[in-house]
2 protein chains.
Amino acid sequence: MNTDRTTGLTHLRVTLSERFYIGPGRADLMELIAGTGSISEAARRMGMSYKRAWSLAQALNDGFGAPLIETARGGKGQGASLTPAGREVLERYRGMQEATRRAIARDVEALSALQSICLAANNT
Amino acid sequence: MNTDRTTGLTHLRVTLSERFYIGPGRADLMELIAGTGSISEAARRMGMSYKRAWSLAQALNDGFGAPLIETARGGKGQGASLTPAGREVLERYRGMQEATRRAIARDVEALSALQSICLAANNT
DNA sequence: CCTCGATATGTTCAACTAGACATATCGACT
DNA sequence: AGTCGATATGTCTAGTTGAACATATCGAGG
């Protein structure tokens, strides 16, 4: 099911409150909404149903307590977009992902090495 | 269902390979196994079924490719424990959690502040 | 050789989830 | 007024998941 939404090695979820968190999937969705200007198109590209994407958007807005994703129905200007707050949340999250990657790089490397050693020992 | 296995604000999952990853739940389970010397007791304390805990232990061992959790059946020395590799994996993971916490502290703070501002604006 | 506590493993049933469909709604534009 | 593309929402169904429940197994020690 999960086409690995991990963006590399680290899957980071930041919980701001009892009702709001952001992780790789939600961030990717926000990014695609910003890029395509449409929830349905973002859903297609993420390989999920429109309904699921819409529900996630709702969860983001409701959980945060203020709109992060705005929608407009009908006519030419219809579609979805990020609010300024939404853009900041996304940007911050990307920053945290990068900071985390840097912060744990050495440990990840060490774990990989440990695993290689164990695997080699098993083949003896 | 999920009694929040986040240990604070950050939920970090590190994917070492296609077949192995470690996150907060698996780390907690390993820690409890190390502490109690028993899978069943660890399961009880985490509020999960023995079977689920046992499956997780299997997934950890199988995924890593070498035993991280060892078990012994029968008699006095029976129970479960971490192998040296298991101890190192756990220790590294805790280190990465801490490093991540430090690395993103400022951003988390900024996001919290942003949320407060938005909530205040909504009450106007 | 029988007990005891813990591991090992299969089965079954309930709950949750996600996806598929099916519409309803909206509003600028022609 | 009618078209069109996208949002908004409900319903139904199938697949997944996990918790119970039920045993089987192990082996040191009394």
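On a predicted model such as this, the values are computed, not experimentally measured, just so you know.
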Next on the checklist: By the salt bridge (Lys or Arg N to Asp or Glu O under 4.0 Å) test, which pairs, at least two apart or in different chains, include something from residues 40-56 of chain A?
Outcome noted: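 Pairs touching residues 40-56 of chain A that pass the test: A/E41-A/R44, A/E41-A/R45.
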Rounded distance in Å - [atom1] ([X]) to [atom2] ([N]):
X: B/R44; N: D/dA19; atom1: CZ; atom2: P; result: 15 Å
X: A/M48; N: C/dA20; atom1: CE; atom2: P; result: 12 Å
X: B/L56; N: C/dT9; atom1: CG; atom2: C1'; result: 16 Å
X: B/M46; N: D/dG18; atom1: CE; atom2: P; result: 13 Å

Checklist entry - Looking at C/dA8, D/dA8, C/dA18, which one has an atom nearest to any side-chain atom of A/R52? => result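 Selected nucleotide (nearest to the side chain): C/dA18.
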Item to check | Nearest to side-chain heavy atoms of B/I39, which nucleotide of C/dA8, D/dT9, D/dA19 | outcome: C/dA8
Checklist entry - salt bridge (charged side-chain N to carboxylate O under 4.0 Å, His left out) with A/R102: which residues, sequence neighbours excluded? => result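 Partners of A/R102 under the salt bridge (charged side-chain N to carboxylate O under 4.0 Å, His left out) test: A/E98.
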Item to check | Counterpart residues, salt bridge (charged side-chain N to carboxylate O under 4.0 Å, His left out), relative to A/E91 (two or more places apart) | outcome: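 Residues passing salt bridge (charged side-chain N to carboxylate O under 4.0 Å, His left out) with A/E91: none at all.
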Checklist entry - What are the two closest non-hydrogen atoms of B/A57 and B/I39, and how far apart are they? => result CB-CD1, 4.5 Å
Close side-chain approach of [X] to [Y], heavy-atom, < 4.5 Å:
X: B/H11; Y: A/L12; value: no
X: A/I104; Y: B/Q97; value: no
X: A/R26; Y: A/Y21; value: yes
X: B/W54; Y: B/S49; value: no

Next on the checklist: Tell me which residues in residues 59-71 of chain B lie within less than 4.0 Å of DNA chain D, going by non-hydrogen atoms.
Outcome noted: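 None, since no heavy atom is under 4.0 Å.
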All N/O pairs under 3.5 Å across the protein-nucleotides 26-29 of chain C interface:
from   : atom 1 : to    : atom 2 : distance (Å)
C/dC26 : O2     : A/G74 : N      : 3.1
C/dG27 : N2     : A/G75 : N      : 3.2
C/dG27 : N3     : A/G75 : N      : 3.1

Next on the checklist: For a quick test of reading the model: is some side-chain N or O of A/W54 closer than 4.0 Å to OP1 or OP2 of D/dA8?
Outcome noted: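 The answer is yes; a side-chain N or O of A/W54 sits under 4.0 Å from OP1 or OP2.
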Next on the checklist: Does a side-chain N or O of A/S38 approach OP1 or OP2 of D/dT7 to a distance below 4.0 Å, or not?
Outcome noted: yes
Where do N or O atoms of nucleotides 13-16 of chain C meet protein N or O atoms at under 3.5 Å, pair by pair?
none

Checklist entry - Restricting to pairs with a member in residues 105-121 of chain A, which pass side chain to side chain donor-acceptor pair (under 3.5 Å), not counting sequence neighbours? => result A/D107-B/R92
For residues 62-82 of chain A, tabulate all N or O donor-acceptor pairs below 3.5 Å that involve a side-chain atom, not counting sequence neighbours.
from  : atom 1 : to    : atom 2 : distance (Å)
A/Q78 : OE1    : A/G74 : N      : 3.4
A/Q78 : NE2    : A/G75 : O      : 3.1

Next on the checklist: Quiz question: going by heavy-atom distance under 3.5 Å, is there a donor-acceptor pair between the base of D/dT11 and the side chain of A/K51?
Outcome noted: yes
Item to check | Set of residues satisfying side chain to side chain donor-acceptor pair (under 3.5 Å) with respect to A/S38, sequence neighbours excluded | outcome: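 Testing A/S38 for side chain to side chain donor-acceptor pair (under 3.5 Å), a comparison that skips the adjacent residues, returns A/S40.
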Checklist entry - Starting at the 5' end of DNA chain C, which residue's closest nucleotide do you reach first, B/E41 or A/S49? => result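 Between the two, 5'-proximity favours B/E41.
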